[in-house]
J.: 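After the structure tokens below, expect a handful of questions from me.
We're numbering straight along the sequence, starting at 1. Just follow the structure's listing: the first ligand is 1, and inside any ligand the first atom is 1.
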Amino acid sequence: MRLTGDPAPGTMNSSGSGNFLLVPIPEYPLLDCVPNKTVKIVVLGASNVGKTALIVRFLTKRFIGDYEANTGALYSRKVTLEGEEVSLQIQDTPCVALQDDAEGLYCQEQINRSIYWADGYVLVFSITDHNSYRTIQPLYQHVRRIHPSGNIPVILVGNKSDLLRARQVPADEGETLAASLGGVYFEVSARENHEGVHAAFLHLCQEVIRALGGGNGEKRRGGLHLARPKSPNMQELKRRFRQVLSSKVKSATTI
Ligand SMILES: Nc1nc2c(ncn2[C@@H]2O[C@H](COP(=O)(O)OP(=O)(O)OP(=O)(O)O)[C@@H](O)[C@H]2O)c(=O)[nH]1
């Protein structure tokens, strides 16, 4: 979801509904980015699980609680991680949904681009919604298809832990699933607590930095998915091609 707030004078949106877009987390100009030290995170999950609330909680320490349908906002911040300044970019996304067969996913193209772009993944479900939990495994498989090789820094977040009475997903199911994805499980409440949310994002940032090999995005891009594959076959093909050509030339001259 996209962050909204109460109307303020002169800030009505074009629909005139009274909602307006807060700009709580201004992006800093790209020129201001720390060169080669960018951590790109995408937050993914089913509808209404609290993706926007978590991002806003992490970046502003606030819970606003009233949001508008997500359009996929990108939030940027400079943060200090392990003593180093890095540019942190967090991509909010529209929701994904399970297909009727419960294995495939409805996933907008915009989300695929975000998955491709990102270095680290926050997979969110709500502990009060078992269906949102069931989307996580197919969602992870989807990320894997886009990044078929290499280490994928990921955390699993079970949000809305303040709603214990409505719990549909036990904590140990979250832990087991996270372990099977190679990540850590965080059960948090964006509504009630900043610390848990902060710890979750911080952990992922550290994992990303580690995967990037000291914070150099280009390095990881090269290492994980944009690496130009070594191409012995190509070399071999060229060699054979030359061989064939020269044998043809030879036979031509012989004749
Ligand atoms: N009780 C409780 N409510 C929460 C929590 N986090 C978010 N919410 C509420 O859940 C609803 C959905 O939150 P969003 O952050 O918009 O969820 P989203 O995943 O971005 O939603 P989509 O845009 O539909 O994908 C809002 O009404 C929030 O106020 C939480 O930790 N506890």
J.: Other residues, nucleotides and ligands only: do more than 12 of their heavy atoms fall within 6.0 Å of CZ on R191?
T.: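 Not more than 12 within 6.0 Å, no.
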J.: Does any N/O atom on S161 come nearer than 3.5 Å to any N/O atom on ligand 1?
T.: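 Between S161 and ligand 1 (N or O atoms, distance only) the closest approach is not under 3.5 Å.
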J.: Using a 4.0 Å heavy-atom cut-off, which part of L163 comes near ligand 1: side chain, backbone, both, or neither?
T.: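 Side chain only.
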J.: What do you reckon, does K51 have a nitrogen or oxygen under 3.5 Å from a nitrogen or oxygen of ligand 1?
T.: yes
J.: For ligand 1, which atoms, with element, lie under 4.0 Å from some heavy atom of D162?
T.: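 In order of numbering, the contacting atoms are 1 (N), 2 (C), 30 (C), 31 (O), 32 (N).
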J.: Using a plain distance cutoff, I'd like to know if V49 has any nitrogen or oxygen under 3.5 Å from a nitrogen or oxygen of ligand 1.
T.: yes
J.: Return the CD to CG distance between Q141 and L105, rounded to the nearest 0.5 Å.
T.: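 Taking CD in Q141 and CG in L105, the distance rounds to 10.0 Å.
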J.: I need the full list of salt bridge (Lys or Arg N to Asp or Glu O under 4.0 Å) pairs touching residues 136-165, with sequence neighbours left out, sorted by first then second residue.
T.: none
J.: With sequence neighbours excluded, tell me which residues meet side-chain contact (heavy atoms from CB on, under 4.5 Å) with V184.
T.: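 Result, side-chain contact (heavy atoms from CB on, under 4.5 Å) vs V184: F186, H203.
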J.: Between N159 and ligand 1, which residue portion shows a heavy-atom distance shorter than 4.0 Å: side chain, backbone, both, or neither?
T.: side chain
J.: If you take all heavy atoms of R57 and H194, which pair is closest and at what distance?
T.: O-ND1, 3.2 Å
J.: Could you grab the distance from atom CZ of F201 to atom CG of L88, nearest 0.5 Å is fine?
T.: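 CG of L88 is found 8.5 Å from CZ of F201.
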J.: Atoms of ligand 1 less than 4.0 Å from A53 heavy atoms?
T.: 6 (N), 7 (C), 15 (O)
J.: Keeping the roles fixed (side chain from S161, backbone from V188), state whether a donor-acceptor pair exists under 3.5 Å.
T.: yes
J.: Atom 17 (O) of ligand 1: which of S126, G50, G65 has the nearest heavy atom?
T.: G50
J.: Going by heavy-atom distance to atom 4 (C) of ligand 1, choose the closest among E192, R57, K160.
T.: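 That would be K160.
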J.: Would you say S189 contacts ligand 1, with heavy atoms under 4.0 Å as the rule?
T.: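 Flag set, S189 near ligand 1.
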